[in-house]
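The basis for the numbers below is simple: all heavy atoms, side chains too, and nothing from hydrogens, waters or symmetry mates. Start at 1 and go down the list; that is how both ligands and their atoms are numbered.
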Amino acid sequence: MKLFNGQKLESLDDLLIEQLEDIRDAEQRLVEALPHMADAAGDPQLRDAFRHHLEETRHHVERLDQAFQMLSREPGSSTCDAMKGLVEEARDMVDAEGAAAVKDAALIAAAQRVEHYEIAAYGTVRSLARRLGRDDVASLLQTTLDEEHAADDTLNRLAESTVNPAAARA
Ligand code: ZN
Ligand code: FE
Ligand code: FE
């Protein structure tokens, strides 16, 4: 979150818009990063999981645009410094050399930090929208929140069933 000059938080509506703009930037950064993470993955199931979540993430951006439309607002530009940093850390794992399975475990570690950040962000905006009487917007955001949880669960399952055991043998 970065407040631009002149951007004021005078109401909960202002905060909801600010938070949505931040997440929109975060999701756009992730759309750029996930193809590299998929290409870097050695395990085919992990590669598929990243590709699947890339498709979902594109829908997350669309849903945010839809939320802005429902709120009769144009999304302003924003920089999510947190996602910028998380994506940088993920990029370090993409560029890392060494044992393939350990690198897969590292990619999962980076991706789960991303998912948890998004889970926090969507939980907040969902609750703000509900508080403001916008159950329509809240349920749209809940749909994305459910997908972020599912993505995180998939990564957990892959780590514990396949990737970590292989990495432990490296
Ligand atoms: Zn997302
Ligand atoms: Fe942020
Ligand atoms: Fe996500």
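For a distance bound of 2.8 Å, the N, O or S atoms of E148 include one lying that close to the Zn ion (ligand 1). Metal site remark for the Fe ion (ligand 3): H53 contributes an N, O or S atom at a distance under 2.8 Å. The Fe ion (ligand 3) has no N, O or S atom of E56 inside 2.8 Å of it. Taking 2.8 Å as the threshold, E27 counts as a candidate ligand of the Zn ion (ligand 1), since one of its N, O or S atoms lies below it.
Using a 3.5 Å distance cut-off with no hydrogens or angles, the side chains of D146 and Q142 do pair a donor with an acceptor.
In the displayed structure, H52 atom NE2 is contacted under 6.0 Å by at most 12 heavy atoms of other residues, nucleotides or ligands. Atom CD of E55 is surrounded by more than 12 heavy atoms from other residues, nucleotides or ligands within 6.0 Å.
Geometry note: the Fe ion (ligand 3) is the vertex, E115 OE2 and E118 OE1 are the arms, and the angle is 90° (rounded to 10 degrees).
Its N, O or S atom nearest to the Zn ion (ligand 1) is what matters here, and for E118 that atom is OE2. Closest to the Zn ion (ligand 1) among the N, O or S atoms of H60 is ND1.
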Q. Going through the checks in order, is the side-chain contact (heavy atoms from CB on, under 4.5 Å) test met by L155 and L46?
A. CA-CA 8 Å; L155 292 171; L46 180 58; 3.9 Å; yes

Q. Under the side-chain contact (heavy atoms from CB on, under 4.5 Å) criterion, do V114 and M83 qualify, and how do the steps go?
A. CA-CA 7 Å; V114 166; M83 185 61 83; 3.7 Å; yes

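With respect to H60, the side chain to side chain donor-acceptor pair (under 3.5 Å) criterion is satisfied by exactly one of E118, R24, E148: E148.
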